[in-house]
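Remember, predicted model here, so these are calculated numbers, not experimental data.
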Amino acid sequence: IAIRTALCSCALAHAAVAHAGEVRTWGSDDQGQQSSPSGDNFVQITCGYYFSMGLLEDGTIVHWGLAPSDVDDIPEGELYTAIEAGNSYVVAIRTDGTLDAWGWNGGGQLEHPAGTGWIAIAAGDSHAMALDEDGGITAWGTNSYGETDVPEGLVFTAIAAGSDFSVGLLDDGSLTAWGRDNNGQS
């Protein structure tokens with residue numbers, strides 16, 4: 001069911017990579033971050049601060065590591081095509097193209113937009129974004145540095161979120177970034 005594959009994901013002090021459907025982890029293991037499930041059917045992985053999640057070929061999600069703020073409370077009976085972890089929350093795209101989110105909601109990052117047609121997602125510390133099939137971005141959550149102030153009038157093809165900044169790939173191949181710029185990231 002999954003249509004998107006992320007090969008590598010990094011977090012606060014651990015990382016995970018999917019190779020040939022298997023997950024390998026390294027870095028900190030003080031919260032079980034390296035206790036990844038076995039199997040060769042992972043199509044995407046994502047890392048939060050002290051946890052990781054994997055999207056399996058059948059559209060289900062597995063979790064390992066510390067479960068802050070109920071990030072392991074994955075909705076039962078749902079199938080997904082994409083997942084992204086923020087600090088202590090997860091945003092996901094269901095197979096019907098709608099969004100789902102669970103975990104910590106300290107900045108409103110679980111208050112995702114309704115509707116269908118979402119094709120990509122990105123999660124920062126406490127903000128998230130979704131890309132629609134027409135190239136538009138909707139962003140929500142904490143906006144302390146302008147990380148949810150998406151530039152208008154542009155067509156995006158891919159998105160990414162840092163801790164408190166956001167990046168978009170435009171349809172002409174150029175990049176644009178917004179939000180915090182204390183290290184030249186935007």
Side-chain angles (χ1 to χ4, degrees), residues 1-11 15-21 23 42-48 52-59 61 78-87 89-103 107-186:
I1 292 175
I3 57 172
R4 187 170 151 306
T5 302
L7 297 178
C8 186
S9 183
C10 303
V17 64
H19 176 70
V23 174
F42 287 86
V43 295
Q44 186 185 358
I45 52 170
T46 186
C47 297
S52 297
M53 291 194 160
L55 179 64
L56 304 178
E57 288 174 349
D58 66 0
I61 298 171
E78 296 288 345
L79 299 177
Y80 299 92
T81 61
I83 56 174
E84 289 292 334
N87 176 336
Y89 74 99
V90 178
V91 63
I93 302 176
R94 293 185 190 103
T95 55
D96 66 1
T98 61
L99 299 176
D100 202 353
W102 59 92
Q109 63 271 30
L110 301 187
E111 299 164 16
H112 57 78
T116 62
W118 304 107
I119 60 170
I121 48 178
D125 264 1
S126 56
H127 79 287
M129 301 185 299
L131 176 66
D132 67 36
E133 56 197 1
D134 295 324
I137 295 174
T138 300
W140 64 96
T142 298
N143 193 31
S144 300
Y145 299 96
E147 58 265 43
T148 64
D149 295 337
V150 180
E152 296 182 19
L154 302 174
V155 178
F156 296 89
T157 60
I159 55 176
S163 59
D164 43 21
F165 66 98
S166 302
V167 180
L169 178 64
L170 300 175
D171 61 346
D172 66 3
S174 63
L175 288 172
T176 188
W178 57 97
R180 191 170 189 183
D181 192 28
N182 60 323
N183 291 304
Q185 65 268 42
S186 63

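Closest of all the heavy-atom pairs between His127 and Gly162 is CE1-O, 3.4 Å. The heavy-atom pair separating Val90 from Leu110 by the smallest distance is O-CD2, 4.5 Å. Minimum heavy-atom separation, Phe156 to Gly168: CD2-CA, 3.7 Å. Minimum heavy-atom separation, Thr95 to Tyr80: CG2-N, 3.9 Å. Smallest separation of non-hydrogen atoms from Gly146 and Trp178: O-CD1, 3.2 Å. Considering every non-hydrogen atom in both Ala160 and Met129, the closest pair reads O-CE, 3.2 Å.
Evaluation of the side-chain hydrogen bond (donor to acceptor under 3.5 Å, both in side chains) rule for Asp96 yields Thr98 as partners, not counting sequence neighbours. Residues passing the side-chain hydrogen bond (donor to acceptor under 3.5 Å, both in side chains) test with Ser52, sequence neighbours excluded: His14. In this structure, the side chain to side chain contact (heavy atoms under 4.5 Å, CB included) partners of Thr46, at least two apart in sequence or on a different chain, are Ser9, Met53, Ile83, Glu84, Ala85. Residues forming a salt bridge (charged side-chain N to carboxylate O under 4.0 Å, His left out) with Glu78 (at least two apart in sequence, or on another chain): Arg94. Annotation: side-chain hydrogen bond (donor to acceptor under 3.5 Å, both in side chains) contacts of Thr157 (sequence neighbours excluded): none. Ser186 is linked by a side-chain hydrogen bond (donor to acceptor under 3.5 Å, both in side chains) to nothing, counting only residues two or more places apart in sequence or in another chain.
Residue pairs meeting the salt bridge (charged side-chain N to carboxylate O under 4.0 Å, His left out) criterion with at least one partner in residues 144-164, sequence neighbours excluded, are Asp164-Arg180. Under the salt bridge (charged side-chain N to carboxylate O under 4.0 Å, His left out) criterion, no residue pair touches residues 116-126, with sequence neighbours excluded. Applying the side-chain hydrogen bond (donor to acceptor under 3.5 Å, both in side chains) test to every pair with at least one member in residues 129-142, sequence neighbours left out, gives these pairs: Ser126-Thr142.
Between Asp181 and Phe165 there is no side-chain heavy-atom pair separated by less than 4.5 Å. For the pair Ile61/Leu56, no side-chain contact is recorded, criterion being any heavy-atom separation below 4.5 Å from C-beta on.
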Using a 3.5 Å cut-off and no angle test, enumerate the donor-acceptor pairs between side-chain atoms of residues 111-121 and protein atoms at least two apart in sequence or in another chain.
residue, atom, partner, partner atom, Å
Glu111, OE2, Asn105, ND2, 3.3
Trp118, NE1, Gly115, O, 3.3

I'd like a table of donor-acceptor pairs (distance under 3.5 Å, sequence neighbours excluded) in which one partner is a side-chain atom from residues 169-177, with atom names and distances.
residue, atom, partner, partner atom, Å
Asp172, OD1, Ser174, N, 2.9
Asp172, OD1, Ser174, OG, 2.6

For this session: Take Tyr145 and Asn182 through the side chain to side chain contact (heavy atoms under 4.5 Å, CB included) test and state the conclusion after the steps.
Result: CA-CA 10 Å; Tyr145 299 96; Asn182 60 323; over 6 Å; no
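Here CG of Leu79 is found 9.5 Å from CG of Leu55. Values are rounded to the nearest 0.5 Å.
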